[in-house]
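Hydrogens, waters and symmetry mates play no part in the numbers below; they use all other heavy atoms, side chains included. Quick caveat: nothing in here was measured; it's all calculated off a predicted structure. This chain uses plain numbering: 1 for the first residue, then up along the sequence.
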Amino acid sequence: MQRLGVIFVLLYLLRLYVSSSGERKSYFYHIGRESLLIYWFHLLIIYRIFFNGRSINDLVNNAFGLSECIAAATSMIVLMLAVAVI
């Protein structure tokens, strides 16, 4: 329930930002329009077999520390933003 509450708060804040700015060409607008593509593409990156019959999920297998998790999440977010805009 706590995670759901955080998600609702973030969605509300993003909605306030988009409605107050009146800007329809923001990154959040593109992500909202391309959410299914982003969902499919990030799962494809994580679970598709790339390396000798193994996926990135198999290679990592809960071995990341805090800094690696932050770097991986940041790079995935930047990549998904680029996919949504393109």
Residues Ile45, Leu79; criterion side-chain contact (heavy atoms from CB on, under 4.5 Å); working and verdict:
CA-CA 11 Å; Ile45 290 172; Leu79 179 64; 3.4 Å; yes
Stepwise, does the side-chain contact (heavy atoms from CB on, under 4.5 Å) test hold for Met76 with Ile46?
CA-CA 10 Å; Met76 185 67 80; Ile46 294 171; 3.9 Å; yes
Report the C-alpha separation of Asn57 and Arg48 in whole Å, then their side-chain angles, then the decisive distance to 0.1 Å, and conclude whether the side-chain contact (heavy atoms from CB on, under 4.5 Å) test is met.
CA-CA 9 Å; Asn57 184 48; Arg48 185 169 181 155; over 6 Å; no
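Val9 and Leu4 are assigned to two separate hydrophobic clusters, defined by single-linkage of ILVMFWY side chains at heavy-atom distances under 4.5 Å. Connection of Leu43 to Trp40 is established within a shared hydrophobic cluster, with ILVMFWY side chains joined at heavy-atom distances below 4.5 Å, either directly or through further cluster members. Follow the hydrophobic side-chain contacts under 4.5 Å out from Leu44 and you reach Leu37 in the same cluster.
Expressed to the nearest 0.5 Å, how far OH of Tyr39 lies from CE of Met80 amounts to 13.0 Å. The distance from the CD1 atom of Ile7 to the CD atom of Gln2 is 11.0 Å, given to the nearest 0.5 Å. Here the CG-CG distance, from Leu16 to Leu11, works out to 11.0 Å after rounding to the nearest 0.5 Å. Between atom CZ of residue Arg3 and atom CZ of residue Phe8 there is a gap of 15.0 Å, rounded to the nearest 0.5 Å.
Contact detail for Cys69 and Phe64: the closest heavy-atom pair is SG-CB, 3.7 Å.
Of the possible polar contacts, none joining the Thr74 side chain to the Ala71 backbone as a donor-acceptor pair under 3.5 Å is found.
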